[in-house]
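Worksheet: the structure to be examined is printed underneath.
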Amino acid sequence: MTASKNLRTFLAEYGAAFPQDYLTIDKPIEPAEYDATAILEHLDRRGERPMVLFQQPSNLVGELSSVPLLMNVFATRARCAFALGLDPEQTGLPLALGYAEKGTHPMEPVVVRADEAPVHEVIASGDQVDLRELPIPIHSEGDFGPCLTMTLAVKDPVSGAYNVSFIKAFYDFDDPRRLRITIHSPDSERALAYYEERNLPMPIVAVLGHHPAFYLGSMGLTPYQEDDYHTIGGFLGEPLRLTPSHTWGSDFMVPADAELVIEGVVPPGTRMIADPFGDITRQYQAQTLRPVMNVTAVTRRRDAIMQDVFAGHHDHFTAGQIPKEGTIYNTLRRRFGDVVTAVHMPYSGCGRLACYISIDKKREGQAKTVAMAALLEAWTVEVCVVVDQVIDVYSEQDVIWATLVNVDPSRDVDLLHNVPNVFTTQMGGSKVIIDATRPLDRTMPEMNRVPQDALDRIRLDDYLGR
Amino acid sequence: MDRLFNVTCTCGKSFPVDYGIRFADVDLECPYCRTKFRVEQAVRIDERWG
């Protein structure tokens with residue numbers, strides 16, 4: 001029988017297919033002294049974004065942790081494509097569309113007995129819990145402290161649906177059994193509000209290691225009360241295996257094949273200081289009051305690997321960029337048909353702030369209509385640029401060229417004032433639409449090109465002697 | 001966009017704070033030296049980021 005998909009099946013498959021893109025570092029490192037992020041930053045500055053397994057990280061008391069640390073899993077689109085069972089050579093729109101398609105095939109999870117679940121091989125509960133044993137990194141200078149960056153799962157108290165979201169969880173220097181958590185996704189906020197209105201503690205779990213398709217699947221824009229455990233099955237290509245949690249039994253299910261799960265409760269009404277954190281926009285989020293998670297249990301595989309995201313870098317950008325591209329493209333195609341030809345959320349905008357759309361423009365003004373629809377769909381986007389389909393939206397140089405050549409600022413740039421933005425940029429409460437398509441109602445020279453028949457006739461190898 | 005202000009701790013380091021807790025009855029916590037202090041105890045408050 002084939003093993004269920006989990007982090008180690010992925011590491012084995014990816015390591016065999018792309019050994020040069022999977023680094024294992026045996027030398028001891030101190031993640032809480034920025035060693036992990038410094039190594040990744042060095043690589044990033046060289047344009048290298050391999051997945052990195054740190055075999056000997058120290059824990060928060062400076063001892064060798066029994067748990068290795070894996071980072072940068074999502075740092076390239078090709079690696080994400082591989083994780084999703086898609087062609088790693090197709091990293092443009094086909095990847096985004098492949099992602100979106102997987103989101104339409106939810107699968108009912110299957111249940112594994114608690115005593116058979118790999119994630120329950122080692123259990124620490126109550127006073128046995130000590131989060132200092134984990135190799136929790138500090139990512140950027142000026143961060144509040146060590147921070148877990150993977151997903152937390154909550155259960156909607158009305159529908160029973162689970163919501164899985166990337167939520168930061170800061171180690172609490174005052175209590176090694178507490179995390180300060182930055183709940184911010186609409187679904188998890190709704191669940192927390194429900195519990196707090198009734199003065200009840202909210203169960204919550206952190207999932208710190210699983211197959212990357214588990215995490216990519218959690219990034220899909222699913223409707224409220226749609227169960228992410230079902231959705232994730234579509235991305236894994238097989239039902240997600242669940243098991244009763246240690247704390248609540250079958251009242252709260254956890255991924256059976258996870259590497260490491262932290263179970264806890266969010267006490268109603270409690271808020272504590274957390275942040276700053278160098279976050280998705282490569283800026284620090286301001287210190288503020290956040291809910292806390294009182295840890296009830298830590299369960300893990302015997303040889304668990306802890307996963308973490310290299311925040312504010314490609315590892316962070318890519319994980320959200322791909323789902324949004326597919327979702328926006330499908331929405332726009334439903335509304336505008338084949339007028340819309342491609343969508344990209346560029347790295348320059350951290351995969352969140354900017355959206356480039358290409359269209360087969362039929363009439364003047366069409367670009368702005370498309371842009372307005374995109375802004376409605378993608379709440380993180382602050383700047384939307386629409387170009388002609390001859391422009392490759394994945395080539396930022398071409399998009400900027402089209403903007404510089406085609407845009408008449410007096411009519412092609414529009415500002416929407418007093419709209420909500422989620423990020424702290426100088427855009428404030430504004431959004432920008434730029435129509436960088438070639439105007440149809442004005443005389444404009446065409447883009448130069450070498451004739452296609454000449455390109456077809458000339459075989460480069462004939463002239464270069466290859 | 002949330003309004004921010006910037007505080008400087010006695011250790012000399014600065015960090016951003018959400019305006020929503022400008023007048024809240026809580027201690028800020030310096031991420032560099034872990035000193036806890038009230039906003040009004042900051043060495044410097046810089047609201048130019050607002």
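By convention in this document, chain letters (A, B, ...) are assigned in the order of the sequence lines, proteins followed by strands, and residues within each chain are numbered from 1.
At a 4.5 Å heavy-atom cutoff, the contact between A:I273 and chain B is made by side-chain atoms alone. Contact annotation for A:F173: only side-chain heavy atoms (C-beta onward) come within less than 4.5 Å of a heavy atom of chain B. Of the atoms belonging to A:E141, heavy atoms from both backbone and side chain fall under 4.5 Å from chain B.
Crowding of B:R38 atom CZ: a count of heavy atoms from other residues, nucleotides or ligands under 6.0 Å exceeding 12.
Inter-residue side-chain proximity for B:I21 and A:R271 is flagged as unmet; no heavy-atom pair is nearer than 4.5 Å.
Considering every non-hydrogen atom in both A:G142 and B:Y32, the closest pair reads CA-OH, 3.2 Å. Closest approach of A:Y284 and B:P16 over heavy atoms only: CB-CG, 4.1 Å. What you find for B:R34 and A:G145 is that their closest heavy atoms are NH1-CA, 4.5 Å.
With A:T288 as reference, B:D18 is the one residue of B:D18, B:V17, B:L28, B:V26 to meet the side-chain contact (heavy atoms from CB on, under 4.5 Å) rule.
From B:E29, atom CD reaches atom CG of A:D174 across 6.0 Å, with rounding to the nearest 0.5 Å. Rounded to the nearest 0.5 Å, atoms CD (A:Q287) and CG (B:N6) are 11.5 Å apart.
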